[in-house]
Every structure is written in structure tokens, then in C-alpha cells.
Novice: 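Could you have a look at this structure, given as C-alpha cells, before my questions?
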Amino acid sequence: MRLLDLLRFSLLALRRQRFRSAMLLTAVGLGVGAVVVLTALGEGARGYVLGEFAYLGKDTVIMMPGRKETTGGMPPITGVAAHAITLEEMEVLQRAVPGVTALAPMVMGNGPVSYKSRERDSMVIGTTAAFFPLRQLQIAQGRNLPELALGEGKQVAVIGQKLKEALFDSGRAIGQWVRLRDYRFRVVGVLAGSGDSFGADLSEAIFIPVASAQAVFNVHGLFRVTLKVKENYQVEAVKSAIAKQMQLLHNGELDVTIISPDAMLSTFDSILQVMTLGVAGIGAISLVVSGILVMNVTLMSVKQRTAEIGLLKALGAPSSQVRTLFLTEAALIAAAGAVLGMLLGHLLVFTGTQIYPDVPFATPAWALWASLALAIGTALVFAWLPAQQAADMEPVNALGKK
Amino acid sequence: MIEVSGVNKTFILGDSTVHALADINLRIEQGEYISVMGPSGSGKSTLLNMLGLLDRPDNGRYSLNGVDTQTLDENERARLRREQIGFVFQAYHLIARLTARENVEMPLMLAGVPARERHEAVAGILDRLGIAKRADHLPNQLSGGERQRVAIGRSIVMKPALLLADEPTGNLDSRSGAEVTEILENLNRDGITLLIVTHDNSMGERASRRIRMVDGAVAADQRFERVV
Ligand SMILES: Nc1ncnc2c1ncn2[C@@H]1O[C@H](COP(=O)(O)OP(=O)(O)O)[C@@H](O)[C@H]1O
Ligand SMILES: [Mg+2]
């Protein structure tokens, strides 16, 4: 039998049993749709998390005060440590640990930034010039913070794009003085782009020298420190060298957390990948369950079309051909259901991207192919038994049935 | 073309055994026109199904065109059915979702003949059977006589040597019955071996060879000059 004839014959048969076909179509469609949507969610979560950390290079290390007690958990977000990390210690680090090439300490706070009558509550980040290249942030106008000694304050600031617009509109910001609490800072640079990272919008922030921020907020300890590892140095080795040095500085107590985003990311990545596989598996289970429906429907179809099977045999169709006919019907309906499920799934995924534009929902290609193959494969496996039953019928008995 | 010797077929129903075929010996030459008559349950259909390779006898020999069929496997039997045997049934056995033309094309389609060749082969047959105008109708839009003509068209589209008809006019009124009979006889005149099972005496008596079955056995096997 020619393929085209086979498909046409099967389609006509499927059309005759509309209700059963629709049921199968729905079952397979839901299964495939579930795989499409669930894997898109998994991939979206993965992409989102990875995207949030993407600005950190392979060769950066982050240190924060406080020690996570259990290994493998998340580092403390607000570290309440016995010993704060101080600027003086950073000076020691820079001198004593050879693998560290650049170092950006961070002091964070919030405060009202004003220019003339305009005022904005802004995130204030005290740091050094090294911060911007480390975070891959570009200066659009003016220049970076000046290179200062770590403990040296200066009344200069770099501001984010949105903050600049809020205070100056399209006017010139460079050279203007803005007020933050009791201090005044001269704007020397404006950041490019939105600078969205870690869920914080850096384009609404003001950046000042770290020693100045310590004075503004009257704090001593650092919120965190980003360090860049020198070329040809092992990140892990530098990490432990830093830890050793910090332990030394803190009277033998290791009360800082040092993470390398790269290692953390690959852990995250594999966790999220497993999660995606897991949810894909849930969708796959619903597909396999639909196989039981395929079997029943094919069984019914074989029972109902016994006389037709007898006729086909009388006309000289070999057993294998009879089996092929029923398998084709099952495979066709599974394929149609899969396509339907993909359309439905993609529609849902598309809706998701409209509602949450930040999350990169996307069904991975492997999930599409796997769900299509699984749908058809399941249909074939489960239809095999009834199809073989049809193939094995004695022609004379089959013909006699009404 | 057909040689049957010592063929038996028994059915066991509960604790009674039915001898549907009892020691059948038959020789049929190419081009013969044979009617098979006899009371209901005498084994006529069983004989026809056996000859058509739809059923296997319990024992004995059946050779078709020199091939010993009892040694063939199911695939080889299917091939013989496809290439050498046409069937016409009392109940037509048309596929309801296919048009008259498609039903006639069915054996060609199963055999993998491309659509264009199929159309050419079928056009002449539809014409000859007087159903060309009804070619695109579904079976339930056709009269009984038309349906049986479609079934006949299907049975001869592969140009078989042997045509087996089991009460082909059983569901038809006398007029369409006569038309169907005439079609079958015309096919026989063209050389096909025709074997008709019938209840109808007047139809059975048109055949040049009349076999009478009683209790699974051949009770009479007579040859006549063609009357009509
Ligand atoms: N599949 C079957 N199972 C049991 N008995 C059968 C079967 N087919 C035929 N028979 C029996 O065999 C005998 C002959 O049947 P059949 O050839 O159909 O008779 P006819 O066609 O002459 O009316 C009958 O007694 C019938 O009941
Ligand atoms: Mg009968």
C-alpha cells in the first residue's frame, strides 16, 4: 500500500469515529502540551537565574560577612557576623594575597538624593572604581570614580541613568552637585543602560567612594566585596588563600563567606536542569497514561471493524498490512494530538512571556522532539496489541461477524 | 484448475460435532460455470470459503492452479487470494466510508498500485457494470443491486481466474438479482471460472454444472449443456 493511500485510508477511518478520535486527540494533546509548558517553565526559571548572575565573570569571587553554617545552602543575605569586614583588611588582602588583581568593596544604603527642588529616594552604593568593570557596567557620560586609596573619601558620584533623568531631565548632570543627607557630591559620570541585576535596578542608584559612604551611613563594616582573580591563578586556590588571610585577621575565626559565582552558577544550572527534566517527566507520564486510552480505543475499533478486517483479508491483505493500518491510525492521531498540544503549549508559553517579560520562557527543542517521539512511540506500543489481534484474525471468522 | 480430494471440515459446538464438509472430491476446470445448491447448513458456504482460502480444511488436499494450498502459510494464502480469487458476498461487504469507485479500487490500493493506474483500471469496470454515474456515491446512497455491482467490480479488478459468489442475489429483488446474475455470467463467458452458491433453483439451473450438497457431502454433480 502506498503511504499516501495508507494515510488517507486511516484518516477516513478516524473521521468515522469522531468521538473516539477527539478523545485521543485531547489526551495526547494535553500530554504534549504539559511537556511544552512545563519545560518552558523550567527553562524560563533557569534562564532567569543564569541571566541574573550573568554579569559576573568566571574569574570573580564574592566575599560577605557571616558564615553559612550548613554546607550547600544559600549564603546569608544579611550577614550578622561577629567580625565585620573592614577596609583596612582589604588593604591587607590586596598586599598579602597574590592572586587578587582588583577589589571592589561595597557599602550599601538608601537615602534621599536631591538636586535643586527635585529629590529621589535612591540606593546608595559605596565602592571603588574597580566596581564598574567588574560588574560590566559602562559609563555613558563623564568618567568613572577616581582611583583613590581605599580609606580615602571624596565628594564625587556616578549616577544611574534613571536617577539622572529624574533629577536633571535631559539637562547636563556632569559637574552638578547633588545632595545626599548632609553631604554634597559632584556628579562625574552617568551609567549606561538599565543595569538591571540581582533584582536591583542599578540605574536608580548613586555610586560614591566607599569611605564616603561609610561616613554618610556611619558604618564601619562592608556589605560585600567583589574580587577579581588574576590571570593564570586558580579561582579555588585564591579563594582559600583569601579565606586563610581573613581567618588570620579575625583571630583564627573563619566568619566570612566566600563564593565564586561560576561554581555557584554551575550548581544552580545543574539543579535547574534536573528540575526541567523532572517537570518534563511529569508531562511524559501523562503522555504514557494516554497510551492506555490509545489501547482501549484501538481495541474498540478492531472489535467494531471485524467485518472490514475480514474483507481486507479476503481481498488479499497480508496480516502485516492489517496491523499497519491500525498502527497508522494510532500514530496519526498521536501525531495530530502532539501538534495540537504543541500549538496549545506554545500559546500558553507565549502568554506567559507577555505577562512576565523578564523570564525567558522557552520550550527547549529537545522537549519538542522528545514529546512528539514519545507520543507516537507510546501510541504505537499501546496500539500494537490490538493491531496484532486484528492481524491474527481468521478471515472467515472475521467476515462472519457483523 | 482446482483439485480437491478427501477434504473434511468439522465444527465442534458444545458436545456435538458438525461435519460441514465430508470427504469432498472435486475437479474444476478453468472457465466452468458451477452452481452449488442444497439445504441450509449443508456446507455450501464452508466449501466456498475453503476454495477461496478463507478457511482451512481439517485434512485432505486442495490444489489451486497446481499449487498445494495446504502447505502454504497465511501470507502466501493472502497472495493467492489477492491475485487469483475474487469474492462476492451476500451482504456486499462494502466499506461504508469509501465511495463506489474507492471500494472497487480497494484491492489495487492494497496492492500498492498508484492512483492514476487505479483510475484507469477502474473506469472501464464501472462502465461495464453500469455504475459509472454512481462512482462517487457512498454505499448507503446506492440500491442493493448497485451495491452488489460495486462488490462485483471489486472482485474482478485484480483479474482473478476464479470468482466465488455466496448467494450474491440473496438480498436483492428479482429484477436486480437477474441483472447481477447476467453480469456474473458475462464474466464467465469472458473466461473466468464462476462458482455460485444459491438457494434459488431458477438461478442454479442456469449453470452448466450443478453441484448439490447434503450434510457436507456432494450428493449430486451434474453437467448440462448451457441452456441460455
Ligand atoms: N464457524 C462455525 N462454527 C461452528 N459451526 C459452523 C461454523 N461455520 C459453519 N458451521 C456449521 O457448519 C455447517 C455448514 O455451514 P454452512 O457451510 O454455512 O452451510 P450453508 O452455507 O450450506 O448454509 C452448519 O451446520 C453450520 O452450523
Ligand atoms: Mg451459507
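Residue numbers start from 1 in every chain, and the chains themselves are labelled A, B, ... in the order their sequence lines are given, proteins ahead of strands.
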Novice: Against chain A, work out which of B:Met158, B:Arg154, B:Arg77 has the most heavy-atom pairs shorter than 4.5 Å and name it.
Specialist: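 When all of B:Met158, B:Arg154, B:Arg77 are compared, B:Arg154 has the most.
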Novice: Quick one: do B:Glu76 and B:Arg79 make a salt bridge, cutoff under 4.0 Å?
Specialist: no
Novice: Please check if the number of heavy atoms outside B:Arg97 that lie under 6.0 Å from its CZ is greater than 12.
Specialist: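 Yes, because the 6.0 Å sphere around CZ of B:Arg97 holds more than 12 heavy atoms from other groups.
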Novice: For B:Thr169 and B:Thr181, which heavy atoms make the closest approach, and how far apart are they?
Specialist: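 B:Thr169 and B:Thr181 have their closest heavy atoms at CG2-OG1, 3.8 Å.
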Novice: Could you tell me whether A:Glu329 and A:Arg20 have a side-chain N and a carboxylate O separated by less than 4.0 Å?
Specialist: no
Novice: Taking atom CG as the centre, does B:Asn186 end up with more than 12 heavy-atom neighbours from other residues, nucleotides or ligands that are less than 6.0 angstrom away?
Specialist: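 Yes, enclosed.
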Novice: Under 4.5 Å from any heavy atom of chain A, what part of B:Glu102 do you find: side chain, backbone, both or neither?
Specialist: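 Interface part for B:Glu102: side chain.
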Novice: Between B:Leu54, B:Ile85, B:Asn75, who has the most heavy-atom pairs with chain A when the cutoff is under 4.5 Å?
Specialist: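 Among B:Leu54, B:Ile85, B:Asn75, the one with the most close pairs to chain A is B:Leu54.
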Novice: Locate the shortest heavy-atom distance separating A:Ala334 from A:Val28; write the atom from each residue and the value.
Specialist: O-CG1, 3.4 Å
Novice: Please identify, among B:Leu94, B:Asp55, B:Leu80, the residue contributing the most non-hydrogen atom pairs under 4.5 Å to chain A.
Specialist: B:Asp55
Novice: Provide the closest heavy-atom pair for B:Gly191 versus B:Gln30 in the form atom of the first, atom of the second, distance.
Specialist: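 Looking at all heavy atoms of both residues, the closest pair is O-NE2, 3.0 Å.
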Novice: Work out which heavy atom in A:Thr328 is nearest to a heavy atom in A:Ser10; give both atom names and the distance.
Specialist: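 Smallest heavy-atom distance, with atoms named: CG2-OG, 3.4 Å.
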Novice: At a 4.5 Å cut-off on heavy atoms, which part of A:Leu312 comes close to chain B: side chain, backbone, both, or neither?
Specialist: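 Both parts, backbone and side chain.
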Novice: Report the relative orientation of the aromatic rings in B:His93 and B:Phe89; use parallel for angles under 30°, tilted for 30 to 60°, perpendicular for over 60°.
Specialist: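 Answer is perpendicular, since the angle exceeds 60°.
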Novice: Carefully, step by step, assess B:Thr71 and B:Asp68 under the rule side-chain hydrogen bond (donor to acceptor under 3.5 Å, both in side chains).
Specialist: CA-CA 6 Å; B:Thr71 59; B:Asp68 270 336; 6.0 Å; no
Novice: Go through the atoms of A:Arg2 and report whether side chain, backbone, both or neither lie under 4.5 Å from a heavy atom of chain B.
Specialist: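 Both parts, backbone and side chain.
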Novice: Between B:Glu74 and B:Arg81, does at least one N-O distance fall below 4.0 Å, as a salt bridge requires?
Specialist: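 A salt bridge is present here (some side-chain N lies under 4.0 Å from a carboxylate O).
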Novice: For the pair B:Glu146 and B:Arg149, find out whether any cationic side-chain nitrogen is under 4.0 Å from an anionic carboxylate oxygen.
Specialist: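 So B:Glu146 does not pair with B:Arg149 through a salt bridge.
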Novice: Applying a criterion of heavy atom separation less than 4.5 Å, what residues of residues 106-130 of chain B form contacts with chain A?
Specialist: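 The list, in residue order, reads B:Met106, B:Pro107, B:Met109, B:Leu110, B:Gly112, B:Val113, B:Pro114, B:Arg118.
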Novice: Is it the backbone or the side chain of A:Arg15 that comes under 4.5 Å from a heavy atom of chain B, or both, or neither?
Specialist: neither
Novice: Identify the residues of residues 317-327 of chain A whose heavy atoms come closer than 4.5 Å to a heavy atom of chain B, ordered by number, or report 'none'.
Specialist: A:Ala317, A:Pro318, A:Ser319, A:Gln321
Novice: Which bit of A:Leu311 is near chain B, if near means a heavy-atom gap under 4.5 Å: side chain, backbone, both or neither?
Specialist: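 Just its side chain gets close to chain B.
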Novice: Would you check if the side chain of B:Ser176 reaches a backbone N or O of B:Leu172 as a donor-acceptor pair within less than 3.5 Å?
Specialist: no
